[in-house]
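Working notes for the structure below.
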Amino acid sequence: MRYIGIDLGTSSVKLLLMDGDGTILRTVSRSYPLSMPRSGWSEQDPEDWWQETCAGVRQLLEGESPSSVAGLSFGGQMHGLVVLDKDDRVLRPAILWNDSRTAEETSRLNREVGEAQLARWTGNIAFAGFTAPKLLWMQSHEPELFARIDKVMLPKDYLAYRMTGVHSTDCSDASGTLLLDVEHRCWSEPMLERCGLGRSQIPQLFESWQVVGTLTPRAAEALGLPPAVKVCAGAGDNAAAAIGTGALADGACNLSVGTSGTVFVACDRFPRLENHAIHAFAHANGKFHLLGCMLSAASCNQWWVERVLRETDYAAAQTGIEKLGENPVLFAPYCMGERTPHNDPALRGAFTGLSLDTTREQMSQAVLEGVAFAMRDGVELAKAAGIPIPRCRICGGGAKSRLWRTIFANVLGIPVDSIETEEGPAMGAAMLAAVGCGAYESVEQLAKNVVRVTGTVEPDAELTARYEAQYQRFRKLYPALRTLE
């Protein structure tokens, strides 16, 4: 049998067809628009997700027998707010994870409820990207629409609803709403009350591999699939990517260097944190994980190469970079504000250490190093929680650069492994569907069979020592930049 993984991203939906032995048969990507109607706002029309998903599934199955598909599942952009009325119609465009309009609501939650109380209720403190502050923003700025909310959903779960008619979510994705008691994997009644919601307005909780339902006749026709296809709950994109890269055992670490950057560290038990700058979330395998998120990772390099250098050849832009660990130029990669560890949506990026003999190569190198330094901030928080991290795996567009992988290995001082497939959340989603359909007993069993390391960059002791000194310089940037806000 075959399984479909659907990765609902910010710029496109990526679909993957996987055979029962984990072989990727085909991938498809379909883009849709992103709306930024005001500065700091980021929205999308959920109907665009649905239409492109339907077209993508049909494209994925060209030349294939639809009856060979046993199930499908999702990885999805987290934290987005989708609201439906009593007739299940979308009330407003979805407010996305990278929308920064909720700075006031976030600050108010952390100040009035208090970070310690929020952590007791949910396992986390409030961040501007989370879903709960978006609800409070609607309550204040769109009270008439807020009063009509019948269901609150997350982006990928809207697709599951359109397929099955079931209002569902999974524990990993729900962890990023600030509405879930993560430790006990149930909705937090105090937070629901604080956000003006009743239990009937939130979806049913599932584990990521569990079956939500089968396709409705209408959805089956739109997708070109048999109605018997099972739809599994899926996971937030980072947890789904961790399934796809095999980051499952206690202390297993996955770095995702995409538009945003994430540090994902798997935990067998709920992590007790003193510093809540890193998130404590449910994992898609029924356990837990720590998640550090920087809002601009590979997107910083894209900005530098395409907007500033006006080039499209990323490899060519890295030629001439040779003196690692000796760069006088530092780059603060906070071009969209920052989450981990600073929780500061107003923060912005900067170059320092420029002189009249600064070269283009030094500035290109500084961008790559700045992202690695910022992601190390998340690794250090996980280590401070008592979780040893002996090595890590890396995925995402940035992982394709051997130079960048070398920088990461030496900034972190640990081996960095590359894996055979770079499909991340879509692969993890297909794996969850296979487990949900009973083809494998667990995601651990499946990952052991299909996830393969293809190469490793080992750290060099001398270079790691040089980067340690550079990292300590980098840590002084945020206090200085904060005074300029």
Side-chain angles (χ1 to χ4, degrees), residues 7 9-12 14 24 27 29 31 241 244-245 254-263 294-333 335-336 349 351 353-354 357-376 391-412 414-427 452-460 463-464 466-467 470 474:
D7 172 18
T10 311
S11 58
S12 64
K14 299 172 184 175
I24 298 173
T27 61
S29 180
S31 62
T245 60
N254 183 61
L255 303 181
S256 177
V257 190
T259 301
S260 60
T262 57
V263 175
M294 61 178 298
L295 296 180
S296 304
S299 53
C300 288
N301 195 43
Q302 181 183 29
W303 160 78
W304 174 249
V305 173
E306 295 185 9
R307 289 289 193 93
V308 181
L309 301 183
R310 297 189 179 278
E311 293 185 359
T312 56
D313 188 336
Y314 284 75
Q318 294 177 13
T319 57
I321 297 176
E322 298 172 350
K323 296 182 179 180
L324 299 185
E326 302 177 19
N327 195 357
V329 181
L330 290 176
F331 175 67
C335 298
M336 289 282 290
F351 283 100
L354 303 178
D357 60 356
T358 294
T359 65
R360 161 178 157 158
E361 288 78 13
Q362 286 174 323
M363 296 183 75
S364 296
Q365 179 179 337
V367 172
L368 303 180
E369 291 171 336
V371 172
F373 290 143
M375 291 186 75
R376 177 174 166 179
R391 64 192 309 121
C392 71
R393 293 180 177 178
I394 192 167
C395 66
K400 297 176 182 178
S401 165
R402 170 77 185 192
L403 172 63
W404 215 347
R405 296 198 305 271
T406 300
I407 290 171
F408 271 107
N410 288 284
V411 166
L412 299 174
I414 57 176
V416 172
D417 298 322
S418 301
I419 56 173
E420 188 173 51
T421 175
E422 287 288 338
E423 299 304 330
M427 181 66 176
R452 300 175 184 88
V453 173
T454 57
T456 300
V457 178
E458 297 282 351
D460 174 85
L463 183 52
T464 295
R466 292 203 299 268
Y467 267 127
Q470 293 280 66
F474 174 83

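Each residue takes its place number in the sequence, starting with 1. Scope of the values below: all heavy atoms of this structure, side chains included, with no hydrogens, waters or symmetry mates.
- A distance of 8.0 Å separates CD in E420 from CD1 in I24, rounded to the nearest 0.5 Å.
- Of the possible donor and acceptor atoms, none in the side chain of R466 sits under 3.5 Å from a partner among the backbone N and O of E326.
- The two residues P459 and T464 have their closest heavy-atom pair at CB-OG1, 3.6 Å.
- A distance-only check finds a donor-acceptor pair linking the side chain of T319 to the backbone of A316 [under 3.5 Å].
- The OG1 atom of T456 sits 9.0 Å away from the CZ atom of R393 when rounded to the nearest 0.5 Å.
- In this structure the side chain of C395 reaches within 4.5 angstrom of the side chain of S256, judged on heavy atoms.
- When every heavy atom of G261 is checked against every heavy atom of A297, the shortest pair comes out as N-CB, 3.4 Å.
- How far CD1 of I394 is from CZ of F408: 5.0 Å, rounded to the nearest 0.5 Å.
- When atom types are taken as modelled, the side chain of Q470 and the backbone of L324 share no donor-acceptor pair closer than 3.5 angstrom.
- Partners of E311 under the salt bridge (Lys or Arg N to Asp or Glu O under 4.0 Å) rule, at least two apart in sequence or in another chain, are R360.
- Between L255 and T262, every side-chain heavy-atom pair lies at or beyond the 4.5 Å cut-off.
- Taking NZ of K323 as the reference point, atom CD of E361 lies at 11.5 Å (rounded to 0.5 Å).
- For A366, the side chain to side chain contact (heavy atoms under 4.5 Å, CB included) partners are N327, V329, F331, F351, not counting sequence neighbours.
- Distance SG/C335 to CD/Q302: 11.5 Å, rounded to 0.5 Å.
- Nearest heavy atom pair, residue M427 against residue G244, reads CG-CA, 4.3 Å.
- Under the 4.5 Å side-chain criterion, counting only non-hydrogen atoms from C-beta, Y467 is not in contact with L412.
- Here the side chain of R376 pairs a donor or acceptor atom with the backbone of V411 at under 3.5 angstrom.
- In this structure, the side chain of N410 engages the main chain of D460 through a donor-acceptor pair within 3.5 Å.
- Atom CH2 of W304 sits about 11.0 Å away from atom CG of L368, to the nearest 0.5 Å.
- Side-chain contact between M363 and L354 is present, with at least one heavy-atom pair separated by less than 4.5 Å.
- Scanning all heavy atoms of the two residues, the minimum distance from A298 to G398 falls at CB-N, 4.5 Å.
- Heavy-atom minimum distance, L309 versus A317: CD1-CB, 4.3 Å.
- In this view, T312 satisfies the side chain to side chain contact (heavy atoms under 4.5 Å, CB included) rule with no residue, not counting sequence neighbours.
- Annotation: salt bridge (Lys or Arg N to Asp or Glu O under 4.0 Å) contacts of R391 (sequence neighbours excluded): D417.
- The side-chain heavy atoms of V257 and M375, taken from C-beta on, include a pair separated by under 4.5 Å.
- Residues meeting the side chain to side chain contact (heavy atoms under 4.5 Å, CB included) test with S299, sequence neighbours left out: T259, S296.
- In this view, L330 and T352, F373, R473, L477 satisfy the side chain to side chain contact (heavy atoms under 4.5 Å, CB included) rule, not counting sequence neighbours.
- Among all heavy-atom pairs drawn from S401 and Q318, the shortest one is OG-OE1, 2.9 Å.
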